[in-house]
Amino acid sequence: MKKQLVITLAALFVAPAMSATSVDLGYKAYTSDTKSDNGGAYDQPFVKLTHFNKADWGTLLAYVKLENPGEVKGAQHGKDGKLTVKSLLIIDKQISDTNYNFWGQNFLVSNRTVTEDNLYLGVTTNRKYRGLFINAGIGLNYSAAHFDPAGANFDGISGYAAVINARYPFSALGLKHSLSVNYEAQIDRDEDHMKTLGYDSYGHQIITTLKTNMTDSFYTKLHMTHFDSWGAAPNDGIEYGVAVGFTF
């Protein structure tokens, strides 16, 4: 976990050709059915540091997210407060002058109970239809997972990964907005991976986000996520939340 955090934090400060760095302060919650079906689903605050870099060679996106910073008890039904660290690193290296990229992606979720690290290696393509931008790809998935209560572990190739990322900017009520939908799936997971985290063979998350720029540097976000057998949560559910952010 420490090694992954060092790699991700280092990526945040790569000297870019064109870049943006931002901080989000937010709160996320779950539906009552989601909380009943997934023991680790808690309403809680979060802070997120994100960096995006676009250059001649391609793009880099990286973030580090702390859920329940300060390990607040009240956010987790009176149980001992638990910090969850999530980090993401996505690199799309353009292939010559085409619309295709070599794709590398790593996502880590870790707390005192469970850790899962997924590494995707494959190919993506970028497409633009007027104002709509779409990035889609497929690749192999290498996972490392540990579930402390059961002492269960997995480390190895675990099927395939697929992503579709769509973004559409628009203006309304005198403000600039951006609507994005991000679909991510793991397909044909390894049986030991499934046993370790209680997963099904197929799992996904679909994140819908509305970002509104209030000024050049200040924005708000609303998000809703549907997940199934994902993020160390064995069952499906819905997460929603709100955030304010600053770009610098």
Side-chain angles (χ1 to χ4, degrees), residues 1 26-46 48 63 65-68 71-88 105-120 138 141-165 180-209 222-243:
M1 174 182 169
Y27 194 86
K28 67 172 193 171
Y30 297 90
T31 64
S32 57
D33 287 345
T34 301
K35 294 176 186 176
S36 298
D37 293 342
N38 297 280
Y42 302 115
D43 300 347
Q44 54 195 344
F46 64 85
K48 180 179 177 184
Y63 76 63
K65 183 181 182 183
L66 305 181
E67 297 182 348
N68 196 27
E71 301 189 336
V72 180
K73 268 190 176 184
Q76 303 190 349
H77 311 316
K79 299 178 181 178
D80 288 341
K82 181 167 58 180
L83 169 70
T84 296
V85 178
K86 294 181 178 179
S87 66
L88 175 71
Q105 177 169 329
N106 186 260
F107 179 70
L108 169 74
V109 54
S110 182
N111 57 42
R112 293 197 301 268
T113 302
V114 61
T115 297
E116 184 181 21
D117 196 354
N118 292 293
L119 174 64
Y120 304 155
I138 190 166
N141 175 30
Y142 186 98
S143 293
H146 172 74
F147 185 56
D148 190 66
N153 297 278
F154 172 76
D155 187 358
I157 294 175
S158 185
Y160 309 92
V163 294
I164 302 174
N165 303 300
S180 62
V181 179
N182 307 101
Y183 168 83
E184 182 178 346
Q186 293 177 10
I187 305 159
D188 194 24
R189 287 168 168 146
D190 186 277
E191 288 189 6
D192 288 337
H193 187 196
M194 292 189 284
K195 289 178 182 176
T196 298
L197 296 177
Y199 280 163
D200 294 328
S201 176
Y202 167 85
H204 75 259
Q205 69 171 359
I206 304 172
I207 307 172
T208 302
T209 305
L222 298 172
H223 83 266
M224 184 172 70
T225 301
H226 179 269
F227 60 86
D228 189 3
S229 198
W230 195 266
N235 300 307
D236 71 329
I238 295 176
E239 172 191 315
Y240 54 95
V242 60

Asker: Would you say that Gln186 contacts Trp230 through its side chain, given a criterion of any heavy-atom pair below 4.5 Å between the two side chains?
Answerer: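 A side-chain contact exists here, since the closest heavy-atom pair is under 4.5 Å.
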
Asker: For Val85 and Leu66, run side-chain contact (heavy atoms from CB on, under 4.5 Å): C-alpha distance rounded to whole Å, both residues' side-chain angles, the deciding distance at 0.1 Å, then the answer.
Answerer: CA-CA 5 Å; Val85 178; Leu66 305 181; 3.9 Å; yes

Asker: Taking all heavy atoms of Glu67 and all of Gln44, pick out the closest pair and write down the distance.
Answerer: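 Where Glu67 meets Gln44 most closely, the heavy atoms are OE1-NE2, 3.8 Å.
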
Asker: Would you call Thr84 and Asn68 a side-chain contact if the rule is heavy atoms closer than 4.5 Å?
Answerer: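 They are not in contact (no side-chain heavy atoms under 4.5 Å apart), so the answer is no.
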
Asker: Quick one: closest heavy-atom pair of Asn235 and Asn38, and the distance?
Answerer: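 Nearest heavy atoms, Asn235 then Asn38: N-OD1, 3.0 Å.
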
Asker: Any luck finding a side-chain donor-acceptor pair between Asp148 and Thr113 under 3.5 Å?
Answerer: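 No - no donor-acceptor pair under 3.5 Å links their side chains.
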
Asker: Starting from the C-alpha separation in whole Å, work towards a yes-or-no answer on side-chain contact (heavy atoms from CB on, under 4.5 Å) for Thr115 and Leu108.
Answerer: CA-CA 7 Å; Thr115 297; Leu108 169 74; 4.0 Å; yes

Asker: Tell me if the CD1 atom of Ile238 is crowded by more than 12 foreign heavy atoms within 6.0 Å.
Answerer: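 Enclosed.
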
Asker: Between His204 and His226, how do the two ring planes meet: parallel, tilted or perpendicular, split at 30° and 60°?
Answerer: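 It falls in the parallel class, under 30°.
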
Asker: Less than 4.5 Å apart, any side-chain heavy atom of Asn141 and any of Tyr160?
Answerer: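 No; the side chains remain at least 4.5 Å from each other.
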
Asker: Just by distance, do the side chain of Ser158 and the backbone of Asp190 share a donor-acceptor pair under 3.5 Å?
Answerer: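 It does hold such a pair.
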
Asker: Roughly how far apart are Asn182 CG and Asn165 CG, rounded to 0.5 Å?
Answerer: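 It comes to 4.5 Å.
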
Asker: Hey, could you give me the CZ/OG1 distance between Arg189 and Thr196, rounded to the nearest 0.5 Å?
Answerer: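 Arg189 CZ to Thr196 OG1: 11.5 Å, rounded to 0.5 Å.
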
Asker: One pair to check against side-chain contact (heavy atoms from CB on, under 4.5 Å): Phe107 and Glu116. What are the steps and the verdict?
Answerer: CA-CA 8 Å; Phe107 179 70; Glu116 184 181 21; over 6 Å; no

Asker: Taking all heavy atoms of Ala145 and all of His193, pick out the closest pair and write down the distance.
Answerer: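 Here Ala145 and His193 meet closest at CB-CD2, 4.3 Å.
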
Asker: Just wondering, do Glu184 and Tyr120 contact through their side chains at under 4.5 Å, heavy atoms?
Answerer: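 Side-chain contact under 4.5 Å: yes.
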
Asker: Taking atom OH of Tyr183 as the centre, does the number of heavy atoms from other residues, nucleotides or ligands within less than 6.0 Å exceed 12?
Answerer: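 Yes, the 6.0 Å shell around OH holds more than 12 heavy atoms from other groups.
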
Asker: Determine whether Asp192 and Asp155 make a side-chain contact, defined as any pair of heavy atoms from C-beta on separated by less than 4.5 Å.
Answerer: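 Result no, sub-4.5 Å side-chain heavy-atom pair not found.
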
Asker: Can you tell me how far CG of Leu197 sits from CZ of Phe147, rounded to the nearest 0.5 angstrom?
Answerer: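 Between atom CZ of Phe147 and atom CG of Leu197 there are 8.0 Å.
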
Asker: Is the backbone of Lys82 close enough, under 3.5 Å, to the side chain of Asn111 for a donor and an acceptor to pair up by distance?
Answerer: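 The answer is no, because no donor-acceptor pair under 3.5 Å joins these two groups.
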
Asker: Are the side chain of Ser229 and the backbone of Asp200 linked by a donor-acceptor contact shorter than 3.5 Å?
Answerer: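 Answer holds: yes.
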
Asker: Rounded to the nearest 0.5 Å, what separates atom CE in Met224 from atom OG1 in Thr209?
Answerer: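 The CE atom of Met224 sits 10.0 Å away from the OG1 atom of Thr209.
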
Asker: Backbone N or O of Ala144 within a donor-acceptor pair of the Asp117 side chain at under 3.5 Å?
Answerer: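 Not confirmed, Asp117 side chain does not pair with Ala144 backbone.
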
Asker: Using every non-hydrogen atom in the two residues, find where Thr34 and Phe227 come nearest and quote the distance to one decimal.
Answerer: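 Looks like CG2-CZ, 3.7 Å.
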
Asker: Apply side-chain hydrogen bond (donor to acceptor under 3.5 Å, both in side chains) to Tyr202 and Asp188, showing your working.
Answerer: CA-CA 6 Å; Tyr202 167 85; Asp188 194 24; over 6 Å; no

Asker: Just by modelled atom types, is the Ala152 backbone N or O under 3.5 Å from a matching donor or acceptor in the His146 side chain?
Answerer: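 Confirmed, His146 side chain pairs with Ala152 backbone.
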
Asker: Is NZ or CZ of Lys35 both nearer than 6.0 Å to the six-membered ring centre of Tyr30 and within 45° of the ring axis?
Answerer: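 Not flagged: Lys35 not positioned over aromatic ring of Tyr30.
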
Asker: Calculate, to the nearest 0.5 Å, the distance between atoms CG and OG belonging to Asn106 and Ser87 respectively.
Answerer: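 OG of Ser87 is found 6.5 Å from CG of Asn106.
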
Asker: How long is the straight-line distance from OH of Tyr240 back to NE2 of His223, given to the nearest 0.5 Å?
Answerer: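 Spacing of NE2 (His223) from OH (Tyr240) equals 10.0 Å.
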
